[in-house]
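Indexing begins at 1, ligand by ligand and atom by atom, following the structure's order.
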Amino acid sequence: MEMSKGIGRRTFFAAGVGLLAAPVILRQTAAMAANGDDRKMDATTQPQLNQFKLGSFKFTVVKDGGTVGEKPNETFGTNQPPETVQALLAKNFLPTDKFVNTYAPFVVDTGSDVILVDTGFGEAGRPKGTGQLAAGLKAAGYSLDDITVVALTHLHGDHIGGLMEGGKPAFAKARYVAGKTEYDFWTDKAREGTPAEGGHKAVLANVAPLAEKMTFIGEGDTVASGITAMLAPGHTPGHMIFNIESDGKRLVATGDTANHYILSLENPTWEVRFDMDKAQAAATRKKVFDMIATDKVPFLGYHMPFPAVGYAEVYESGYRFVPKTYQFDL
Ligand SMILES: [Zn+2]
């Protein structure tokens, strides 16, 4: 009796998983066939998607790819003894010598606009297995011309690389939204001969050609109906996050406010190599995740574990990342 009950339950769950996964797999296979792509279908080369609804907005999160980094303590918690960082990783069943960074651009389909937030690495990333956004959008049933707005949290390479394709705008029908402070910083000639010179050149190549179609915004400004921007500086001088609301439901797209789901959330004051102003980034991290934890709203963090959506619960002197599961499916 117990046994047959167990088998019945297993069969039910197996069937459920099959039904949920099938449309995505079919779409991916169709996209592969259309591209003449005969690569082995695995997680490293095929676009991964996650779709959910928030109010009447439909979200599609695309995994642009993942990269492996060495010595996590030299990126996250650089003001801490290495053993302290390594102990927290080990406690959370994570390796202490390597880490994986993933990239999660996403689309919000509001019914009147199709808004893409950040663009991944684009063509420059493809030899290394990133730059999967365009393939992912196609697999989700969007053509690149369907995108009506491209909004940028900030202008680092992993967020702007997908803007241009073969020297032309990848999203030919879109208008663009970027932070004024951010754009002015990276396009300023004063960046030449500084550590920001590489970023300066990348912005001149990938973002500046689109400036005529770009709206430059600041704190509280509207990106599109239902989406407003909040300044969240520190990671970069004009880094922005987006507050997204539909039918009384809300999600905050936090961009690169926190970039390791354990190290940076549990210890918001630990310094991060990629944060340009480390003290300001730490203060912003506390402020933003205080708001998210207090308001009990979901957030989408560009470098959180795919599909990059979850909640922040107050935990010790920081926050615990609680990944979304089926909350949005009911
Ligand atoms: Zn980033």
Open item on the list: Check the orientation of F321 and F299. Use parallel for under 30°, tilted for 30 to 60°, and perpendicular for over 60°.
Closed with: perpendicular
TODO: Consider only side-chain N and O atoms of H156 and H235, and report whether a donor and an acceptor are under 3.5 Å apart.
DONE: yes
Open item on the list: Under a 3.5 Å distance rule, please check whether D158 uses its side chain to pair with a backbone N or O of Y103 as donor and acceptor.
Closed with: no
Task: Atoms of type N/O/S from protein, distance to the Zn ion (ligand 1) below 2.8 Å - done: 4
Task: Qualifying residues under side chain to side chain contact (heavy atoms under 4.5 Å, CB included), relative to K201, sequence neighbours excluded - done: E197
TODO: Tell me whether the centres of the aromatic rings in F99 and F76 are closer together than 6.0 Å.
DONE: yes
Task: Modelled atom types, side-chain donor and acceptor of Q48 and N50, under 3.5 Å - done: no
